[in-house]
Amino acid sequence: PDRGPSDGAWPAMLRRVGAQITDDEESTRDLRLRCKPARRAQEYASIDSLPPATMRTCMAVSATELFGSNIELTDIGVQPLSETAETLLVAQHRGPLYQVDVVSEGDSAHWDVFRPASRSFRDDSCLNLDQFCDVSAITPRASGFFVVDRHRVLEFNFSWRPDDAETVVAQAGQFNNADATPEGLSFPKTVAMYEPH
């Protein structure tokens, strides 16, 4: 039988494209080996600088998987709870804060999270004093967390236990009110903490 020029060219071209794709992508086995936590922590000496490097993710988790819809996130903070456990605090744009617990055992330890989020904190309303108003930053810490919203910085006392509730212990600025005085906060974006050693 007589073959046309494209009969043999297509399979060869597809093989070349397939080889290029598989060369660029990391195999599932290599990904698990790279992302699996070390059994024994490595010790590093002091370093003054690091060469540029490409960050490669171990796993992508969509907002839809975690929260049920494709929401916009404004900030994410990480809080270690013990030597092996950690949690994420996630702020939704014009929405609540979420606590997302990180997997601490198994092959996906420290690079996967439990679905759905374990809890949410308050909600967004610029008319209700007990809610957040356009959260721009969050900073978790062992004894609670800080929230920066439209005109306030709030400190919450929270133990990270499943049955605990967050309570406001300090506030700087006024709710939904940009004070004209020098002490007033007008659209703050972040908070930094000094912790002496």
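A distance of 7.5 Å separates CG of Asp149 from OG of Ser136, quoted to the nearest 0.5 Å. The CG atom of Asp123 lies 12.0 Å from the SG atom of Cys133; values are rounded to the nearest 0.5 Å. Annotation: the span from Gln92 atom CD to Ile71 atom CD1 amounts to 3.5 Å, rounded to 0.5 Å.
Of the N and O atoms on the side chains of Gln99 and Arg119, at least one donor lies less than 3.5 Å from an acceptor on the other residue. For Thr87 and Asp101, the side-chain atoms include at least one donor-acceptor pair closer than 3.5 Å.
A continuous path of Ile, Leu, Val, Met, Phe, Trp and Tyr side chains, each step under 4.5 Å between heavy atoms, connects Phe121 with Val168, placing both in one hydrophobic cluster.
Residues Val135 and Val148 are not in side-chain contact: their nearest non-hydrogen atoms beyond the backbone lie 4.5 Å or more apart. Two residues are said to be in side-chain contact when any heavy atoms from C-beta on lie closer than 4.5 Å; Ser125 and Phe132 fail this criterion. Inter-residue side-chain proximity for Leu97 and Val147 is flagged as met; some heavy-atom pair is nearer than 4.5 Å. In this structure the side chain of Arg115 reaches within 4.5 angstrom of the side chain of Val61, judged on heavy atoms. No side-chain heavy atom of Thr167 sits less than 4.5 Å from a side-chain heavy atom of Phe156. For the pair Glu155 and Gln171, the minimum side-chain heavy-atom distance is 4.5 Å or more.
Of all the heavy atoms in Asn157 and Ser143, the pair that sits closest is OD1-O, 3.1 Å. Here the closest non-hydrogen pair linking Val103 and Phe114 is CA-CE1, 3.8 Å. When all heavy atoms of Val78 and Glu86 are compared, the pair lying nearest together is CG1-OE1, 3.9 Å. Counting all heavy atoms, side chain and backbone alike, Gly77 lies closest to Ile138 at N-CD1, 4.1 Å. Contact between Glu166 and Phe145 at its shortest, heavy atoms only, is CB-CZ, 4.1 Å. The minimum heavy-atom distance linking Arg122 with Asp130 is given by the pair NH1-O, 3.0 Å.
In this structure, Tyr98 has its ring center under 6.0 Å from that of Phe67.
A salt bridge is absent between Arg94 and Asp124: the closest approach of a Lys/Arg side-chain nitrogen to an acidic carboxylate oxygen does not fall below 4.0 angstrom.
A donor-acceptor distance shorter than 3.5 angstrom exists from the side chain of Asp164 to the backbone of Ser159, with no hydrogens or angles considered.
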Fill in: Steps toward side chain to side chain contact (heavy atoms under 4.5 Å, CB included) verdict (Val102, Leu88)
CA-CA 7 Å; Val102 178; Leu88 302 175; 4.0 Å; yes
